[in-house]
Amino acid sequence: MKKIIILAAACLAGTCCVSADVYDDIIAQIDENNASLKALRYENISEIAELQMDNNLSETEVEFEHVWAARGGEKKWNAGISQSFDFPGAYIARRREIAARRSAFELKYRAERADVVLRARELLIEIAYCNKAIALEEAIVADMQSINDMLSKAYSGGDATILEVNRSKIELANNMVKLNELSERRHSCISELGSLGCDITDTGAIVYPLSRLETIDDYYMQIDDSPYVAYYQQQKRAEALGVKSRKMEMLPGIKVGYVHEYEDGTSFNGFSVGLSLPIFSSRGKKALAKALEAQADWNEAAARVERRSVIDVEYHSAESSKQLVDLLAPVFYSNNHIELLHKAFKGGQMSAIDYLREVTYFRESEWDFLQVELDYHLSLARLNIFNFL
């Protein structure tokens with residue numbers, strides 16, 4: 001009795017977790033093995049490298065010119081080297097923009113990583129559900145097989161009807177089909193985990209994670225810390241700096257150089273200075289930058305609305321599911337209804353048809369409970385995902 005009370009208390013608190021490490025281990029495995037995150041990491045690196053190249057000085061120009069008259073006369077030649085510069089403030093502005101974009105790319109990576117980790121946790125939770133459901137179905141199949149054998153012998157002796165025998169065979173087949181479906185579902189989850197870069201060795205030992213439902217205000221307070229919202233916040237800042245960079249690029253550039261000329265036996269040394277006026281080449285850049293800044297602003301607002309919507313939906317789902325889990329956990333965790341029904345049938349307290357009907361009722365009821373329990377833990381995972389990163 002003491003063990004039953006302890007088990008029920010653990011269920012009411014959330015669930016016991018003998019394999020909690022697996023939920024932590026998948027994060028390290030995802031960081032190490034997930035192909036899409038690896039690709040995103042190098043995509044971010046390449047984009048930053050491209051931006052840095054755009055902030056480099058333009059090519060150094062070296063010129064040489066040699067001319068001569070058609071009929072004798074002195075030869076003339078000149079050489080020079082020059083370098084063009086954007087307006088000096090443009091380089092500083094672009095460096096600040098690049099730093100902001102680097103931070104935004106890192107937050108984008110964190111957001112994508114959160115999605116992958118959440119999906120992996122959902123799959124582990126589904127496996128935990130399948131483990132419990134498979135254990136239930138295996139017990140029912142074993143019991144149904146025993147009842148089927150018993151009724152077949154009784155039918156041979158004239159103590160059971162063919163209706164009872166056929167009903168037991170149909171129920172046995174139905175439960176075997178359900179058991180196969182659960183095994184296939186668990187295998188599908190394991191395969192998808194493998195595609196995410198997670199290799200789980202002992203899937204049969206996976207149980208629900210130990211987690212708790214906070215207040216809805218606690219989850220609202222986490223919205224600003226969400227990598228999705230933080231990414232668009234940083235992207236908006238980067239686009240604002242991009243507007244400043246485009247303004248600097250519209251200012252005149254400078255070209256300076258050294259010139260050496262040789263003419264009539266005399267060498268001349270000097271320098272050249274020029275201005276580049278980006279009147280046409282910069283047309284539309286400022287408008288584009290402002291549009292991107294506005295887009296990032298609206299993306300941030302949309303991310304806030306979306307995250308708040310997720311919290312509202314999942315919190316109320318978790319809250320209602322928790323009420324049912326708290327109510328039904330002592331019923332299903334403290335009693336083995338199949339075993340009790342089997343004893344009643346063998347003791348002659350009910351007919352075979354009544355037994356099969358009652359088994360079906362309690363099985364379907366426990367299935368409903370397992371589904372509610374699964375929904376509860378999936379909602380918790382979606383609400384608490386940022387606590388695990």
Side-chain angles (χ1 to χ4, degrees), residues 27 30-31 34-55 90 92-122 196 216-250 282-317 378-379 381-389:
I27 298 179
I30 286 171
D31 289 336
N34 187 266
S36 62
L37 290 179
K38 293 283 188 182
L40 179 60
R41 174 69 75 185
Y42 284 102
E43 178 185 342
N44 291 343
I45 291 174
S46 64
E47 289 193 26
I48 289 297
E50 185 176 359
L51 290 172
Q52 289 174 329
M53 287 189 295
D54 291 340
N55 199 37
I92 298 174
R94 283 196 292 256
R95 278 201 300 270
R96 291 172 179 168
E97 178 190 352
I98 291 169
R101 293 194 184 281
R102 182 184 287 108
S103 298
F105 287 150
E106 184 60 33
L107 289 168
K108 180 182 179 181
Y109 177 87
R110 285 177 54 196
E112 294 291 334
R113 178 174 175 262
D115 284 338
V116 176
V117 171
L118 174 59
R119 183 56 189 156
R121 290 183 70 90
E122 290 175 339
L196 296 178
I216 194 168
D217 290 333
D218 290 333
Y219 294 116
Y220 285 154
M221 290 174 63
Q222 294 177 1
I223 291 178
D224 285 339
D225 297 328
S226 161
Y228 307 102
V229 174
Y231 163 61
Y232 288 119
Q233 283 180 328
Q234 186 63 25
Q235 188 182 47
K236 182 173 69 174
R237 179 174 177 271
E239 297 300 349
L241 290 171
V243 172
K244 295 180 179 179
S245 297
R246 304 299 86 78
K247 288 180 179 179
M248 288 294 179
E249 291 170 356
M250 295 174 67
S282 295
R283 181 175 295 174
K285 285 185 177 181
K286 183 179 177 182
L288 174 61
K290 284 188 172 294
L292 291 174
E293 183 183 11
Q295 180 187 10
D297 189 31
W298 282 109
N299 282 337
E300 180 193 352
R304 288 178 182 277
V305 172
E306 182 179 354
R307 184 57 191 167
R308 189 179 182 90
S309 176
V310 169
I311 290 171
D312 287 338
V313 171
E314 298 299 340
Y315 186 84
H316 289 98
S317 174
L378 286 175
S379 292
R382 293 159 190 159
L383 288 168
N384 295 328
I385 181 59
F386 304 126
N387 297 335
F388 307 116
L389 300 176

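A quick note: this is a predicted structure, and the numbers were derived from the prediction, not measured.
Note: Ser46 OG to Asn44 CG = 7.5 Å, rounded to the nearest 0.5 Å. Rounding to the nearest 0.5 Å places OH of Tyr228 at 13.5 Å from NZ of Lys108. Taking CG of Asn34 as the reference point, atom CD1 of Ile27 lies at 12.5 Å (rounded to 0.5 Å). Going from atom CG of Leu40 over to atom CZ of Phe105 covers 9.5 Å, rounded to the nearest 0.5 Å. To the nearest 0.5 Å, atom CZ of residue Arg96 and atom OG of residue Ser245 are 9.5 Å apart. How far CE of Met221 is from CD1 of Ile311: 11.5 Å, rounded to the nearest 0.5 Å.
Evaluation of the salt bridge (charged side-chain N to carboxylate O under 4.0 Å, His left out) rule for Asp297 yields Lys236 as partners, not counting sequence neighbours. For Glu106, the side chain to side chain donor-acceptor pair (under 3.5 Å) partners at least two apart in sequence or on another chain are Arg41.
Within the 3.5 Å criterion, the main-chain N or O of Ala289 finds no donor-acceptor partner in the side chain of Glu239.
Considering Arg237, Lys247, Arg102, Arg246 in turn, Arg246 is the only one that fulfils the salt bridge (Lys or Arg N to Asp or Glu O under 4.0 Å) rule with Glu97.
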With side-chain contact (heavy atoms from CB on, under 4.5 Å) as the criterion, how do Asp312 and Ile216 come out once you've worked through the C-alpha distance, each side chain's angles and the decisive distance to 0.1 Å?
CA-CA 8 Å; Asp312 287 338; Ile216 194 168; 3.8 Å; yes
Gln222 and Asn387: CA distance, side-chain angles, deciding distance, side-chain contact (heavy atoms from CB on, under 4.5 Å) verdict:
CA-CA 10 Å; Gln222 294 177 1; Asn387 297 335; 3.6 Å; yes
Step by step, work out the side-chain contact (heavy atoms from CB on, under 4.5 Å) result for Glu314 and Leu378.
CA-CA 9 Å; Glu314 298 299 340; Leu378 286 175; over 6 Å; no
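Of all heavy-atom pairs spanning Asn55 and Ile98, the tightest one is CB-CD1, 4.2 Å. The two residues Tyr231 and Leu107 make their nearest non-hydrogen contact at CA-CB, 3.7 Å.
You'll find the side chain of Glu249 reaches within 4.5 Å of the side chain of Arg94, heavy atoms only. Side chains of Pro227 and Tyr109 form no contact here, defined as non-hydrogen atoms less than 4.5 Å apart.
Counting non-hydrogen atoms of neighbouring residues, nucleotides and ligands closer than 6.0 angstrom, the CD atom of Glu47 exceeds 12 such neighbours.
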